[in-house]
2 protein chains.
Amino acid sequence: MKTIEQLLESKNIRVTAMRLLIYKFLAKKEVAVTLSDIENAFEKADRTTLYRTVKTFEEKAIVHQIDDGTGITKYALCEKGCNCEIETDLHLHFHCNNCNETICLTDHKIPQIKVPDGFVSENVNLVVKGICDKCSV
Amino acid sequence: MKTIEQLLESKNIRVTAMRLLIYKFLAKKEVAVTLSDIENAFEKADRTTLYRTVKTFEEKAIVHQIDDGTGITKYALCEKGCNCEIETDLHLHFHCNNCNETICLTDHKIPQIKVPDGFVSENVNLVVKGICDKCSV
DNA sequence: AAAACCAATGCAATGGAAGTGCATTTATTA
DNA sequence: TAATAAATGCACTTCCATTGCATTGGTTTT
């Protein structure tokens, strides 16, 4: 059981108050968040700082970016079962058309996709849209 | 064999010179294009006109929109094998990380994706990224 | 401990794409 | 031909992503 500090240090990311707060915020959320979401949660911090923090996390495979088709980039922590460094370990994302939230279905791996001869598949982005469990009752 | 004029009329779209040109441009291209691509091809036309023309085509299921993860919306003609009106008829798209082009793999349908209980799947967006046939030789 | 250094933060500004309101032109219909 | 409706063009706005630069703050070196 690592502390957040240890996790950051193990990835060569300097531990700062801001980064700890942002990490905790992401950990608390169970859905993918936009930069604006983070911004609203930390009114005192500057957009740029948040932006660059998230980018840093992304480079070091602490968060992954999600393009759910809303046109706004979302981010979510890479956690248990999410090995973003490994190309082939890709889970799918679900976007709710009702509440507009996007969640990682970490344990739903993407099936092998066949592409025509001559094409080389490196990466797959799969977003399922519909109604989430909270909205479908 | 329908003429473009007949196709447009059959979908209740007024035939104009601009629309014919845009349709032909899309038909000529074998890849999905951005609004800017169209804009560059028709320097004399206004962005807005192109934008609204494409939107009109989209509403009438003549083109479909593609979100390939580049952050820029792309469009491609719906043609043989592409029945965009039918929700379940979804083909996949391939985005080349080298030449940055996105093409429709019309005959590659998206496999059935299982989602957890309580989730209702309405739509699926699947983009495979890698190297296309032209770039992989 | 002080100086030098580098990374993190904050502020301001830019750029690109999507979208909207309104005036004008063009086409359709009465 | 007049009246009407749709298509086009121009100007502008908004929103998100991104960058440059000055400043702050923490590390390392001497």
Side-chain angles (χ1 to χ4, degrees), chain A residues 4-5 7-26 32-60 62-76 95 100-102, chain B residues 4-26 32-60 62-76 95 100 102:
Chain A
I4 304 175
E5 284 87 343
L7 171 66
L8 296 183
E9 277 166 4
S10 74
K11 303 247 186 180
N12 280 316
I13 301 173
R14 279 202 196 170
V15 177
T16 69
M18 201 67 244
R19 287 175 176 170
L20 287 175
L21 285 173
I22 294 174
Y23 186 96
K24 282 174 191 161
F25 174 74
L26 292 170
V33 299
T34 65
L35 239 208
S36 297
D37 290 337
I38 307 179
E39 207 182 347
N40 293 334
F42 300 96
E43 305 235 330
K44 278 182 281 188
D46 186 78
R47 248 193 101 76
T48 316
T49 305
L50 305 172
Y51 173 75
R52 286 200 258 240
T53 300
V54 171
K55 284 293 169 196
T56 302
F57 284 0
E58 196 187 342
E59 282 164 19
K60 300 300 173 65
I62 286 181
V63 309
H64 61 271
Q65 189 173 330
I66 300 157
D67 171 25
D68 64 6
T70 56
I72 301 164
T73 308
K74 295 187 179 176
Y75 304 91
H95 177 75
N100 206 35
E101 287 193 340
T102 298
Chain B
I4 304 175
E5 283 88 342
Q6 286 169 341
L7 171 66
L8 295 183
E9 276 165 5
S10 74
K11 303 246 184 181
N12 279 316
I13 300 172
R14 280 200 195 172
V15 177
T16 68
M18 201 67 246
R19 287 175 176 171
L20 287 174
L21 284 173
I22 294 174
Y23 186 96
K24 282 174 191 160
F25 174 75
L26 291 170
V33 299
T34 65
L35 239 208
S36 296
D37 290 336
I38 307 179
E39 206 182 346
N40 293 333
F42 300 95
E43 306 234 332
K44 277 182 281 187
D46 187 78
R47 261 193 84 80
T48 315
T49 304
L50 304 173
Y51 173 75
R52 287 199 257 240
T53 299
V54 171
K55 285 293 169 197
T56 301
F57 283 0
E58 197 187 342
E59 282 164 19
K60 300 300 173 64
I62 287 182
V63 309
H64 62 271
Q65 190 172 330
I66 300 157
D67 171 23
D68 65 5
T70 55
I72 302 164
T73 309
K74 296 187 178 175
Y75 304 92
H95 176 75
N100 206 34
T102 299

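Just the heavy atoms: all of them, side chains too, but no hydrogens, waters or symmetry mates, feed the values below. Every chain is numbered from 1 and lettered A, B, ... according to where its sequence line falls, protein lines coming before strand lines.
- The salt bridge (Lys or Arg N to Asp or Glu O under 4.0 Å) test applied to B/Lys74 returns B/Asp68, not counting sequence neighbours.
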For residues 12-26 of chain A, which side-chain N or O atoms pair as donor and acceptor with protein atoms under 3.5 Å away, sequence neighbours left out?
unit_1  : atom_1 : unit_2  : atom_2 : d
A/Thr16 : OG1    : A/Arg19 : N      : 3.2
A/Arg19 : NH1    : A/Arg14 : O      : 3.0

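- Every residue was checked against the side-chain hydrogen bond (donor to acceptor under 3.5 Å, both in side chains) condition with A/Thr56, not counting sequence neighbours, and none meets it.
- In this structure, the separation between CG on A/Asp67 and OG1 on A/Thr73 is 6.5 Å, given to the nearest 0.5 Å.
- In this view, A/Glu39 and A/Arg47 satisfy the salt bridge (Lys or Arg N to Asp or Glu O under 4.0 Å) rule, not counting sequence neighbours.
- Running 5' to 3' along DNA chain C, contacts with non-hydrogen atoms of chain A at under 4.0 Å begin and end at C/dA7 to C/dA12.
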**Fill in**
For nucleotides 4-17 of chain D, 5' to 3', base contacts (B), sugar-phosphate-only contacts (S) and non-contacts (-) with protein non-hydrogen atoms under 4.0 Å give --SSBBBB----SS

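- For the pair B/Tyr51/B/Asp46, no side-chain contact is recorded, criterion being any heavy-atom separation below 4.5 Å from C-beta on.
- Taking NZ from B/Lys55 and OG1 from B/Thr48, the interatomic distance works out to 13.0 Å, rounded to the nearest 0.5 Å.
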